[in-house]
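Beneath this line is the structure, given in structure tokens, with notes to follow.
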Amino acid sequence: MSYRRAAGFLLAGFVISLAGSGGAGAEPEVFGLKASGDVEVGGRVFIERPSPEDRAKFEEYRDLPESAFSPYLRLRGDSKDDFYTVEIFGENIGQTDQKFQLHSYGVGKFNFLFLWDQIPHIFCTNCRTLYVENPQATFSLPTPRPSPLSVWNSAPLIDEVGFRTDVAAVAVGFTPTPAWDIGLEGSARFKHGDRPLGTAFGTPGNQGAEVAAPIEDTTYGAHLNLGFAGKGYQLQFGYDFSLYNNDIDALRVDNPCFGLPAALPAGCGAGSGNPPAPATGQGSLAPDNVAHTFTLAGGVNLPLNTRLTSSFSYSLRFQDQAFLPFTIAPAPGGDLAALAQAQANLPASLDGQVNILRFKLTATSRLTEDLTATGRFRVYDYDDNSSEIPFTAYVEDDRQVVSGADLPIRAELARRYPYTKYDAGGDLRYQLFQPLTLKVAFDWEQWIREADQVVVPATHVEVGGDSVVHVPREVFKTNQYTPKVMLDYTPLDWLLFRFGYAFSTRTGTDYLQASEEQLALLRKYDMADRDRNRWDFLADIMAMDNLTFAATFSYTMDDYGDSQFGLQDANNWAAGGDVTWKPLEWLSLFAGYVHEEWDTQSRHKRRSGTELNNPTFDWVSQTDDRYDTVRAGFNVVIIPQRLEGGANYNFSIGRTNMNASNPLTPVGTGSASAVAANFPEIETTLNQVNAFLRYWITKNFSAKVMYSWEQWQQSDFRFDGLLPFNFPNPNTGDTIFLGMDPQNYTAHWFTLSLGYHF
Amino acid sequence: MRVTRVVVAAGALIALALLVWPSSLALPPSVSIAAEPPAKASPPEAGNAYVGPETCQECHEDSFNHFAKTRMGRLFLKHPRDEWEKRGCESCHGPGKAHVDAGGGKGVGGIISFAKDSPTPVSERNAICLRCHEGKARLFWEGSPHDNRGLACTNCHLVMRDILGPGSPGLPRQGLTKPDAGLAKPTVIEVCRQCHLRQAAQQMYSSHMPVREGKMDCTSCHNPHGTVTEKLLKANSLNDTCFQCHADKRGPFLWEHPPVVESCANCHSPHGSNHENMLLFPKPRLCQQCHIEQRHPTSPQTTPTAPATRLPGEFIAFRACVTCHRNIHGSNHPSGYRFTR
């Protein structure tokens, strides 16, 4: 790797120039600047590491090759008058996840920052596919298709499904006078690689295929900030620009279960052969878009220890990418004339435009030494002015034209979802007596969503369904009221106990249906009536300068009492503690533990064909997550000024249960599909140990050895043993997966490095 | 082979250093490194309650010398821009004449201390910092959640020394570093962990953002000094915060998914979870909380014929619902009504 050698030579040259800049004990100088810094170079040696096929989770967001690299670099130069400074930071130099920062400033005058950061993200290293991608974003199969489908299980391995985000950013700030502040920032995020993405071919929901879809996009950003600070007031103006550019507009994937002209591949369900099964499907990827945001903000200090701040912002978002055609299938099933008419009526693009207005006003007044009052008001208005395009037909999965009486109400118009959100609240904080402070607060939040009523044609109305629907969303207005109380108890300077309780109730206007297909008694949790109780506790103990302890507890109970179907209960609680202790000058210890649980209960109903409201087809799901996280470690000076060491241990376990049951035994047509039962528990465990010793060879040189051990294990029935084709599993049908099956791993390695510090 | 290269390179570096530095065999530095004293600042006005930084240095030399190495110290002690900054130490700690005349001591003579046990109320200590730092990211500090909870600036920031700068004790640790943030701990997450234990623990969950890998930190999304948005998010809304990195989800799309338009947190847990893509709950249960139309979305997806093995069906395995409904955040395809195109 030539760039690694170049980096090594540069570092060596820097060291040599430092050597030549002065004699023993002299402050090093480089190019007339006082130089200081830390340089570490070294390498990594594995005792045990995951195989290339099993490293996906091990290197999910990092690069850990067995090679030389520089873990850390910091070089700094200060002008002799200490006015100017230039600093270079580097981490993991030579690796895929390397990062650099260049920072330069003149104190009180200007600031310059450049950042380059490489962020890998690996999804899968044991995926397989028979697809050939040529050209980019077109995944082809031979005709006739590979048969039987089980041959997919011996397809070639894909080396790596993942992408890397490279971030480049520049920021410049000027302070021409202490009152003025000017800031300019520019950034670009380059994302390239691939990710798992599926394409559906069956109608409805009985056949699909996954590919490693390419990613090639860039997000450009710019920010301008002008600030002025007068006596007792500040004004800021800001402009933000963001452009998202996707080099790939569409994804084309051949259908593995395309039979013509030969027979369907063995393993394809009979339904997949229903002509006209599409030979190829084409779907859209994220369209290019741009956003502009203008912000004016300010604050003023008023008499009576009062401060008023306000911010007004207006954003515009645009998206005008040309539409793809309804289908690339030459002859899908259904009314082709209706399709042709729909295609002719379709505009070239969405002409998407969203206008967002945001305003906030806050006033805080320290009325007396013991009493502080705060009031705030905020409005967020999301106004989607994009075209509402009517549709008379569309094509489902490149297979079947849906039109006429079969066209759902919600598919007849591509509606927009504007809303306005208001927040207001206030709180009073009063020190009752020395160790006890009471805070009472009240918050109000209102959502207003657009509401139009649409009459459902008789041909669309289902048995027991509504003849009028409410679009685009089910609830026009919700109000949430939240009174809160909090007590701070500080019996001693170093001891703080904080108790908090909040009760929140959300109610809305009538809940109406937004789709004739939807179960009328369903209540979607983001709009449903809800009562919430929340308790919080914090203990902060700083008995001595060398001993700190914090403990927290929180419990939130959400009750959707009026929801006969949908989410009915959601509870979350967490408790934990963390201690840092330095009992001796040469020894410091830390430890922490957190336990967290999530529990939800929802009620559902299996609905299909003639069984749309069968009471025995109800089922209840109870899903819970439990987490335990532990950390512990120490740092020790073994021989003063010569040998130091430390170690840390991290442990995390997460368990998920997806349980389900039927209140009544399902009876009726298709009852087998209404039977609910528990799934196996999902468990994920992570263990990490790092231990290091650093030996100071000389005043400036040190040698460090670090041992790392890491183990990750997952038991997840959704992934374990997943193959591209999973027949004879009667549930998977003929969907072809990539076969992503994250593997457990254990890894031991040493990192050896030499450091030069000056 | 690779191990050999590492050892050879290390040996060459040691040899080079020993060759060019005759004093290299001297003892390594002590943990607390005494910095060089700075150039002298201008003396205070005669008859003033201020004594000048030189006087402070006589008793507080160690602190003074460390402070002089910080960016703020260099500004105040060597390049002050106005009369206020010329006061040096006393611009923050208040006039020192009474303190000096009384012989010194913690809090004596009305000197303002920023230690945790300082008798000066937190609001007064913070007001001193806000005198200069009230704009930009701190514009909305007053009335913000941290202000309302009585948090002092010095709970998170260390003003008197730069723990990552030249002469700093110990060595830098890997992870995201914030130039000149003056943090009290080497990394942002260690600062926030002092109170936010749960969120700090969530970075260790299986599905997480690259915080523990050092690619992000709490301030990538939050501004702890106060913002216009709930939860101290930096942008105008929760979604705008996410769009900083995930602008592909911004749209607008031809076919919108309403809960996505309103809040990413309707489905995602931003700090970490046990479910892929940091979802709040596993699929398909998450989706089934809102979808009880007809056919496969309404089924519990359990297999009566194989309850013991629970082989994952296509509606459960891997990406479950979004295997087919892949443009779940919104589709710009004319046939994308059900987000499958």
Side-chain angles (χ1 to χ4, degrees), chain A residues 19 24 36 43 61-62 82 103 107-108 119 198 200 205 208 219 229 234 244 283-284 286-287 307 311 326 352 358 360 362 364 374 386 394-395 411 417 493 517 519 522 524 552 567 574 576 594 606-607 619 623 629 641 652 654 660 673 675-677 684 696 698-699 718 729 731-732 735 754, chain B residues 3 6 10 20 23-24 26 28 74-75 78 81 117 135 139-140 142-143 166 179 197-198 201 204 206 210 213 215 228 236 247-248 250 252 254 256 258 261 266 274 281 285 289-290 292-296 298-300 302 304 307 310-314 323-324 326 332-335 337 340-341:
Chain A
S36 62
Y61 287 115
R62 54 185 179 173
D82 278 333
H103 185 211
V107 289
I119 309 170
T219 304
Q234 301 83 30
Y244 172 77
S284 63
R307 179 164 171 84
S311 174
F326 279 94
R358 196 262 305 139
K360 183 179 181 182
T362 304
T364 303
T374 303
S386 310
Y394 73 91
V395 181
Y417 297 90
D493 284 340
E517 300 175 303
L519 179 67
L522 168 68
K524 295 181 180 177
T552 64
L567 185 64
V594 175
R606 164 69 178 166
R607 307 175 79 216
W619 56 281
T623 306
T629 311
Q641 302 173 21
S652 173
S673 297
V675 171
T684 308
W696 290 88
T698 71
K699 185 177 74 170
R718 300 168 301 176
N729 176 357
N731 303 308
T732 325
T735 295
L754 283 177
Chain B
V3 173
V6 168
V20 300
S23 65
S24 61
R74 288 156 58 189
L75 178 69
K78 297 185 183 179
R81 298 170 294 178
D117 59 353
L139 186 66
F140 300 101
E142 302 242 8
L197 301 181
R198 181 167 69 114
M204 297 301 295
S206 176
E213 289 84 359
K215 294 301 182 182
V228 298
N236 283 342
D248 53 320
R250 184 164 54 205
L254 172 63
E256 297 275 20
V261 172
N266 277 330
N274 206 30
F281 304 108
R285 297 291 182 254
Q289 289 175 355
C290 291
I292 312 182
E293 291 96 344
Q294 291 188 39
R295 300 184 288 265
H296 64 273
T298 69
S299 169
T302 51
R310 290 283 174 267
L311 294 171
E314 60 199 340
T323 300
C324 292
R326 68 154 191 246
N332 209 50
H333 194 290
S335 293
Y337 165 63
T340 57
R341 288 289 184 270

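Reckoned from all heavy atoms, side chains included, excluding hydrogens, waters and symmetry mates. Every chain is numbered from 1, with letters handed out A, B, ... down the list of sequences.
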*Could you grab the distance from atom OH of A/Tyr61 to atom NZ of B/Lys215, nearest 0.5 Å is fine?*
12.5 Å
*Which one, B/Leu254, B/Asn266, B/Thr340, leads in non-hydrogen pairs under 4.5 Å with chain A?*
B/Leu254
*Most contacts with chain B, counted as non-hydrogen pairs under 4.5 angstrom, among A/Pro287, A/Gly352, A/Ala411*: A/Ala411
*Heavy-atom closest pair, residues B/Arg198 and A/Ala574*: CD-CB, 3.1 Å
*Measuring heavy-atom distances to chain B, does A/Leu522 have an atom under 4.5 Å in its side chain, in its backbone, in both, or in neither?*
side chain
*Answer with side chain, backbone, both or neither: which region of A/Val594 has an atom nearer than 4.5 Å to a non-hydrogen atom of chain B?*
side chain
*What's the spacing between B/Arg341 CZ and A/Tyr394 OH if we round to 0.5 Å?*
11.5 Å
*Which portion of A/Thr552 sits near chain B, non-hydrogen atoms under 4.5 angstrom*: both
*Residue B/Arg81 versus chain A: region with a heavy atom under 4.5 Å*: side chain
_Top contributor to chain B contacts, counting heavy-atom pairs under 4.5 Å, from A/Ala286, A/Gly654, A/Ala660_ = A/Gly654
_To the nearest 0.5 Å, what is the distance between CD on B/Gln294 and CZ on A/Arg606?_
9.5 Å
*Among the options B/Val228, B/Thr323, B/Val261, pick out the one with the most heavy-atom pairs lying under 4.5 Å from chain A.*
B/Val228
*Backbone N/O of B/Glu142 and side chain of A/Arg307: donor-acceptor pair under 3.5 Å*: no
*Are A/Ser284 and B/Asn332 close enough that a side-chain donor and a side-chain acceptor fall under 3.5 Å?*
no
